[in-house]
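Convention: sequence-line order gives letters A, B, ...; per-chain numbering from 1.
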Amino acid sequence: FLGSGRWEEEKYEDGVKWKFLEHNGPYFPPEYQPLPDNVRFYYDGKEVKLSLAAEEVALFFAQMLDHDYTTKNVFRENFFKDWRKEMTHEERSLIKDLDKCDFGEIHAMHKAKVEARKNMSKEEKLALKEANQKIVDEFGFCMLDHHKERIGNFKIEPPGLFRGRGEHPKQGMLKKRIQPEDVIINCSKESRIPVPPAGHHWKEVRHDNTVTWLASWTENIQGSIKYIMLNANSKLKKYEVARKLKSCVDNTVTKQVGELQGHLFHFFALIFVSFDPKQLALRAGNEKEEGETADTVGCCSLRVEHITLHEQLDGSECVVEFDFLGKDSIRYYNKVPVIKKGCVGLFPACHCPSRSYFSQTSMLNKHLSSLMPGLTAKVFRTYNASITLQQQLKELTNKSDNVAEKLLSYNRANRAVAILCNHQRAPPKTFEQSMVNLQTKIEARKEQLSLAKSELKQAKKEAKSKGSSDPKLLVERKKAAVKRCEEQLLKMEVQATDREENKQIALGTSKLNYLDPRISVAWCKNMEVPVEKIYNKSQRDKFAWAIDMTEADFEF
DNA sequence: AGCCACACTTAGCAGCTGATAA
DNA sequence: TTATCAGCTGCTAAGTGTGGCT
């Protein structure tokens with residue numbers, strides 16, 4: 001029964017995702033608690049008692065006062081506009097200038113609350129934890145077919161100020177409180193229908209087993225739909241599609257260049273032909289509505305100003321320099337030499353200012369899926385990421401290394417992928433300090449080591465002169481101490497290297513979403529590294545299928 | 001072909017927590 | 001026992017891709 005069917009997906013016929021679904025509905029955040037009387041708001045120096053609705057929104061802003069957002073003009077303007085909508089007539093005619101608003105006391109109260117929470121007694125913390133656990137127990141699980149499953153996000157998003165990333169035109173707008181009347185419930189007809197909070201009703205209860213969500217509502221900033229869903233589980237199928245691409249790369253995709261030139265923008269040809277894994281892993285780049293989101297682009301939406309063509313750069317011929325903001329407004333900067341000379345002729349097109357040269361992802365995907373079933377633009381990222389990990393692991397790890405060194409190599413391979421996929425992070429606020437701390441520890445350990453060494457020498461000397469069995473034992477002990485010290489020192493030095501190299505790189509995203517876990521599991525088996533060293537508990541759960549099925553000889 | 005609605009995946013960050021060192 | 005900090009989890013924004021409609 002451990003055979004091939006065990007990790008099968010798509011249990012049901014066309015599009016049916018479940019046969020039975022039962023849950024308790026989403027959890028709603030607590031109602032707003034009015035400010036105590038001693039916490040006041042001032043306008044133009046004078047105390048103003050705000051209405052409940054206006055006060056709540058004022059608190060949202062006051063809570064963010066330490067954040068960069070509140071210094072940004074767009075944020076402030078959007079906030080102020082939406083805040084005024086929540087005010088009463090009188091408030092609105094009085095409060096006309098955000099700069100004259102004094103949120104000082106509200107801000108101070110908020111900070112005191114955070115502080116108090118931090119300083120809670122053990123008992124209080126435990127009580128809070130238990131209360132939270134009760135909520136999880138009641139709302140955090142559902143019955144999906146015959147299994148009890150953990151729900152990924154069972155809480156309705158609380159109201160607040162919209163925190164769009166980058167230069168988001170809607171940052172600071174009021175994200176409204178969601179009521180049960182806004183929420184659609186999805187579950188089995190024959191299940192216990194979730195009960196709405198007292199005095200409320202659901203917007204709708206439906207029974208659609210072709211979708212996986214349990215509840216949904218429409219959010220007021222972009223008008224998009226938000227869902228309550230299970231945690232996405234990684235799919236074997238997705239990696240198999242990417243893996244198939246490996247054999248397709250030469251005989252299918254690259255041969256299509258000529259055809260691509262015909263009816264798709266030339267730039268795809270360039271990108272998808274020059275896809276030596278060490279090169280590009282751009283996102284597809286769907287069109288976006290202008291003014292609704294931050295101006296970010298991907299492969300298909302790149303504009304002329306994002307690309308510079310160099311006929312000669314850093315010793316390579318025909319190099320494309322990319323500089324643009326991608327998803328989450330993360331900057332992508334890269335200089336990529338073209339590997340297929342046939343593409344050179346395509347470059348002049350990049351200088352054409354017309355957007356029409358840049359085809360759409362739907363066109364691209366249509367073409368790609370005709371080349372290979374299941375092939376879409378994002379499969380290239382999965383393929384590139386996984387093949388790069390495999391190559392890097394092969395290149396970097398030695399069987400004779402110790403575990404710490406092997407793990408450094410693994411992280412370096414993972415890092416190569418993260419760089420390829422442009423997974424960046426802001427350097428942690430405490431980064432410099434923690435590096436200094438680690439360095440200090442290393443120095444201390446070094447001293448300890450030299451001390452241990454001289455003690456060993458001394459012990460040896462004494463053992464020689466006395467020759468008794470007792471000092472010999474001492475020599476062994478000292479030897480062990482030196483060895484232990486050396487190991488710890490090495491471990492710390494490796495850790496320092498790893499951390500320094502990882503300053504601005506986020507490994508988690510590629511690990512979770514792009515790297516075929518079978519590559520990592522096979523590597524662990526080959527290198528005799530316990531799988532817990534590279535996957536934590538939740539990652540092991542997510543990749544249980546790979547851990548279970550993968551042999552040491554797996555090749556992506 | 002272009003659009004939009006919808007469903008689902010991928011993403012960085014903030015705050016929490018538990019391991020570790022002092 | 002307490003302070004610290006790295007790693008983890010939860011959160012929710014921001015992508016991708018499909019399919020139906022005009």
Which of these nucleotides, [options], is closest to any side-chain atom of [X]?
X	options	result
A:R165	B:dC8, C:dG15, C:dA14	C:dA14
A:E157	C:dT12, B:dA11, C:dA6	C:dT12
A:R283	B:dA21, C:dT16, C:dA14	C:dT16
A:A426	C:dC8, C:dC11, B:dC13	B:dC13
A:M229	B:dA7, B:dT10, C:dT9	B:dA7
A:W213	B:dA22, B:dA11, B:dA7	B:dA7
A:H67	C:dA13, B:dA14, C:dT16	B:dA14
A:Y227	B:dA7, C:dA14, B:dC13	B:dA7
A:I330	C:dA14, B:dG12, B:dT10	B:dG12

In whole angstroms, how far is the [atom2] atom of [N] from the [atom1] atom of [X]?
X	N	atom1	atom2	value
A:L128	B:dG15	CG	P	16 Å
A:F431	C:dA6	CZ	P	9 Å
A:L507	C:dC8	CG	C1'	14 Å
A:K111	B:dG15	NZ	P	12 Å
A:K170	C:dA13	NZ	C1'	13 Å
A:L515	B:dA11	CG	P	11 Å
A:E289	C:dA14	CD	C1'	15 Å
A:E115	B:dC16	CD	P	12 Å

Worksheet item: Base, sugar-phosphate, or nothing: which does A:K125 touch, judged by heavy atoms less than 4.0 Å apart?
Response: nothing

Practice prompt. Pick base, sugar-phosphate or nothing for A:S362, based on heavy-atom distances below 4.0 Å to the nucleic acid.
Written response: nothing

Does a side-chain N or O of [X] approach OP1 or OP2 of [N] to a distance below 4.0 Å, or not?
X	N	result
A:N286	C:dG15	no
A:Y514	B:dA11	yes
A:N153	C:dC11	no
A:K366	B:dA1	no
A:K118	C:dT4	no
A:K17	B:dC8	yes
A:H168	C:dA14	yes
A:H423	B:dA11	yes
A:Q222	C:dA14	yes
A:R381	B:dA11	yes
A:K155	C:dC11	yes
A:K288	C:dG15	yes
A:T376	C:dG17	yes
A:N365	C:dG17	yes

Worksheet item: Counting only distance, no hydrogens or angles, is the base of B:dT10 paired donor-acceptor with the side chain of A:K327 under 3.5 Å?
Response: yes

Item to complete: Compute both the distance and the angle, then confirm whether A:K170 meets the cation-pi test with A:F162: under 6.0 Å from the six-membered ring centre, within 45 degrees of the axis.
Response: no

Fill in: Distance under 6.0 Å and angle within 45° of ring axis: A:K19 vs A:Y12
yes

Practice prompt. Give me the ring orientation class for A:Y383 and A:F556: parallel if the planes are under 30° apart, tilted from 30 to 60°, perpendicular past 60°.
Written response: tilted

Discussion item. Is the ring pair A:Y535/A:F543 parallel, tilted or perpendicular, if the boundaries are 30 and 60 degrees?
Written reply: tilted

Discussion item. If you assign each of A:T212 and A:N422 to its closest nucleotide in DNA chain B, which residue comes earlier from the 5' end?
Written reply: A:T212

Worksheet item: Taking for each residue the nucleotide of DNA chain B bearing the nearest heavy atom, is the 5' side occupied by A:V211 or by A:C421?
Response: A:V211

Worksheet item: Would a 4.5 Å heavy-atom cut-off, applied to side chains only, mark A:N384 and A:L420 as touching?
Response: yes

Worksheet item: So do the side chains of A:L282 and A:Y332 get within less than 4.5 Å of each other, counting heavy atoms only?
Response: yes

Worksheet item: Will you find, in the side chains of A:R415 and A:N502, an N or O donor that is under 3.5 Å from an N or O acceptor?
Response: yes

Worksheet entry | Trace of the side-chain contact (heavy atoms from CB on, under 4.5 Å) decision for A:R499 with A:Q495 | CA-CA 6 Å; A:R499 202 184 292 176; A:Q495 194 187 4; 3.3 Å; yes

Discussion item. Need to verify one output field. Residue with the more 5' nearest nucleotide on DNA chain C, A:G164 or A:S538?
Written reply: A:S538

Worksheet item: Mapping A:F154 and A:G166 onto DNA chain C by nearest heavy atom, which one lands closer to the 5' end?
Response: A:F154

